[in-house]
Amino acid sequence: NMHSSCLLSAAFFGALGSSFLYGYNLSVVNAPALYIKAFYNKTWVERYGNPIPAETATMLWSITVSIFAIGGLFGALSVSFIIKVVGRRGTLLLNNIFAVIAALLLSLGEISKSFEMLIIGRIVMGVNSGVALSALPMYLGEISPRHIRGFIGQFNSILICLGVFTGQVLGLPELLGQESRWNFLFSFLAVPAILQLCVLPFLPESPRYLLMEKRDEKAAEKAFQRFLGKKDVSQELEEVHAEARAQDNLHTVSVLQMLRSPAVRWQLITIIVTMACYQLCGLNAIWYYTNGILREAGFAENILPYITLSTGAVETLAAIISGLVIERIGRKPLLIFGFSSMAVFFSLLTVFLYFQNSVAWLPYLSYVCILAVIAAFCSGPGGIPFVLTGELFEQPYRPAAFMIAGTVNWLSNFAVGLLFPFIQVSFLQSFAFLVFVVVCILGSTYLCVVLPETKNKTFMDISLSFARINKMPCPPPGHEIELTLSITPDKNGKTQEVTKMESFF
C-alpha cells in the first residue's frame, strides 16, 4: 500500500512546520530590505538624535540577515538532547514554540521601536530551523518503508523550495512587500506552525524510536500499522528487532564517541563532504546575484520581483520532479548529476558575465544559466544530503550524525553569507563563481568514488556496504541473525553462509 494517508500527512505537515519555515525565512528578508533599513534609521534618529552612520547601518543589516545561521547552529547542537527526551515527533511539536515567539518578536519590532527585537527574532527563528532540519529528516527516514524512503524524505526539500517561493510571492509590492505591511510578512510565520500543532499530535511517533529507545512494542506496532496502512506488520517489527540485536549497545552514541568510531568513519566523512558541498556549491550566492543580473539584462526595476518569482518556481518544480524519480534513479546518480550540471552552468555563467557588456543579449543567457543552476541544485543536492544523513547511520548513531551534519551545514551557511560579498567585491569580480565550480567538481568526484547506492536498502545493508570501505574485519556482532536463515552444510562441511560472508569482505 504505497500511499498510506497517515504517512503522507506526517511528511507534509511535518515539513510544513519545519522545512517550509526555513525556506520562507531564506527569501522573506529580500523584499522588505529597504523598509527595514529605513526603520533602523528612523529608530536610530529617535534614540540618538542623528542619522545612523552608513557602516553601522550596513553592519546591523548584515547581522540581521546572517544571525539566522547562528541560531540554526544552536538549534542543530541542541537537537540530540531534546530528541532523547521527547522523541522525534515531540521535538517537531515543541519546536513550534520557537516559531511563534519569533513571529511575535519580528512582527512587533516596529511598533515597539526596537531593532533589537528583529535581530533576536531572527536568532530564535534560526533555532527553529536548526532543530527542524535535523529532527524532520530523522523522523521521515524512520517512519517510511524503505522502498519510498527517498520519496518521503524529499518532502523536506520540496517544502523548503515552496517556502522560498511563498516568501517571494508574499513579498510582492501588491501583497505584503510594502512600507505599511512588511511586518505581516513575519506574522505569517505563525501560520504553518499552528497548522502543524493542529495535525501532528494525531499522528504516531517514529516506530523505531518507540521500539529501540522506549522499548514499547505495542506502541511501535500501532505506529507501523498506521504508517504502512496494513494490519500485519510483523515483518517490519522483525527488521527493527534485527537492527536492535545487531547493535552492541542501544545507548545513543555521543558525538565524541562517533568521531572516534572506525565503524562509521567513511559514513561520517561522506556526510560532512556532502553537507559542506550543499552549502558551498554556490546556491546562496545565486540569490545575491539574481537581481543584479536581471538589471543588467535591462529588465525594468518594477518587474524584477515578478521575474525573481521564476527562480522560486523552477526550484519547486525541480524538487518535486526529484522526489518523484529518486526511487527509480537512486540517490547517487542524482547527486552526481546535480553537482556536475551546476559546475557546467556556473562555468557558462562566468563566461557570459565576462562578455556581457560587449554583447547585448548575453544577460538573457546569464538569466537562463541562473535558472539552470537552480534546477540542477534542486534535482539532487538540494535535498538528498538530509535523506542520506538519515540513511547512512543506524539508530544509536543517528542523533550524533545529525548534530555533526547540522553543525557543518550552518557553519558553512554562515561563512558563505559573511564572506561571499567580500570575495565578490575584492579580486574575483566576474570570476567569483569559479570557486563554486571547483567545489561542485570535487564534490561529485568524491561521491562517485565513495558513496554506495542506498535506495530500497535496509539500514543494516547500508552499514554492511560501508564495512568494506571502513576496513572493518567482520560484520558487527549480531549480524549473524540474518545469516541463520538458510544454513545448509556444503560438501566441505562448512556452511555456505560462512563462505558467502567471507567473499563479501
Side-chain angles (χ1 to χ4, degrees), residues 10-28 66-83 88-99 102 122-142 152-164 167 189 192-193 196 200 206 271-272 274-281 283-284 315 319 323 377-378 381-393 398-414 416-417:
F12 181 77
F13 286 100
L16 186 69
S18 354
S19 326
F20 178 85
L21 284 176
Y22 167 67
Y24 183 79
N25 278 290
L26 289 182
S27 69
V28 77
S66 57
I67 202 88
F68 178 65
I70 298 296
L73 183 61
F74 282 131
L77 291 174
S78 62
V79 98
S80 57
F81 307 110
I82 309 174
I83 232 158
R88 276 67 167 143
R89 186 197 59 166
T91 303
L92 289 173
L93 281 171
L94 207 61
N95 197 21
N96 290 309
I97 298 170
F98 291 120
R122 285 284 288 177
I123 296 181
V124 175
M125 201 55 233
V127 173
N128 170 280
S129 292
V131 171
L133 286 187
S134 292
L136 180 80
M138 207 182 301
Y139 181 58
L140 295 184
E142 291 181 13
I152 295 292
Q154 282 295 66
F155 270 80
N156 174 36
S157 162
I158 293 168
L159 276 140
I160 290 176
C161 298
L162 210 57
V164 169
L189 293 172
Q196 195 195 58
L200 217 54
S206 150
I271 286 306
I272 291 172
T274 316
M275 269 300 175
C277 290
Y278 167 76
Q279 284 294 353
L280 303 176
C281 68
L283 200 82
N284 309 22
E315 205 184 12
F377 176 78
C378 288
I384 297 176
F386 296 100
V387 176
L388 281 182
T389 309
E391 286 186 331
L392 297 190
F393 301 95
R398 215 168 278 134
F402 271 100
M403 197 157 150
I404 293 167
T407 306
V408 172
N409 181 14
W410 289 101
L411 280 177
S412 332
N413 183 326
F414 185 66
V416 170

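Quantities reported herein were computed from a predicted structural model and do not represent experimental measurements. Residues take their numbers from the sequence shown, with the count starting at 1.
- A donor-acceptor contact shorter than 3.5 Å links the side chain of Arg398 to the backbone of Gly390.
- Side-chain contact between Asn156 and Leu133: present, with at least one pair of heavy atoms (C-beta onward) separated by less than 4.5 Å.
- For the pair Ala276 and Val408, the tightest heavy-atom approach, listed with the atom from each and the gap, is N-CG1, 3.8 Å.
- Distance check: Gln154 CD to Phe386 CZ gives 10.5 Å after rounding to the nearest 0.5 Å.
- For the pair Leu136 and Ser19, the minimum side-chain heavy-atom distance is below 4.5 Å.
- Taken from CZ in Phe393 to CZ in Phe402, the straight-line distance is 9.0 Å, to the nearest 0.5 Å.
- Note that CZ of Phe155 is 11.5 Å distant from CG of Leu162, once rounded to the nearest 0.5 Å.
- Closest of all the heavy-atom pairs between Leu21 and Ala99 is CD1-CB, 3.9 Å.
- Taking both residues in full, the closest heavy atoms of Ala135 and Leu92 are given as CB-CD2, 4.0 Å, listed atom of the first, atom of the second, then distance.
- With contacts defined as side-chain heavy-atom distances shorter than 4.5 Å, the pair Gln196/Ser18 qualifies.
- Side-chain contact between Phe68 and Leu26 is present, with heavy atoms from C-beta onward closer than 4.5 Å.
- Put simply, CG on Leu140 and CZ on Arg88 are 12.0 Å apart, with the number rounded to the nearest 0.5 Å.
- If you check the side chains of Gln279 and Ser412, you find no donor sitting under 3.5 Å from an acceptor.
- Evaluated for a ring-ring contact (aromatic ring centres under 6.0 Å, His included) with Trp410, the options Tyr22, Tyr278, Phe74 yield exactly one hit, Tyr22.
- Side-chain contact between Val79 and Met403: absent, with no pair of heavy atoms (C-beta onward) separated by less than 4.5 Å.
- Minimum interatomic distance between Cys161 and Glu315 (heavy atoms only, all atoms of both residues): SG-CG, 3.5 Å.
- When side chains are defined from C-beta on, Asn128 counts as touching Met125, because their heavy atoms get closer than 4.5 Å.
- Between Leu280 and Val416 the shortest side-chain heavy-atom distance falls below 4.5 Å.
- Of all heavy-atom pairs spanning Leu159 and Ala15, the tightest one is CD1-CB, 3.2 Å.
- The two residues Ile271 and Pro385 have their closest heavy-atom pair at CD1-O, 4.4 Å.
- Looking only at distances, a side-chain donor or acceptor of Ser78 sits under 3.5 Å from a matching main-chain atom of Gly75.
- The shortest side-chain heavy-atom distance between Asn25 and Arg122 falls under the 4.5 Å cut-off.
- Rounded to the nearest 0.5 angstrom, Thr407 OG1 and Ile272 CD1 are separated by 9.5 Å.
- A distance of 10.5 Å separates CD1 of Ile404 from CG of Leu77, quoted to the nearest 0.5 Å.
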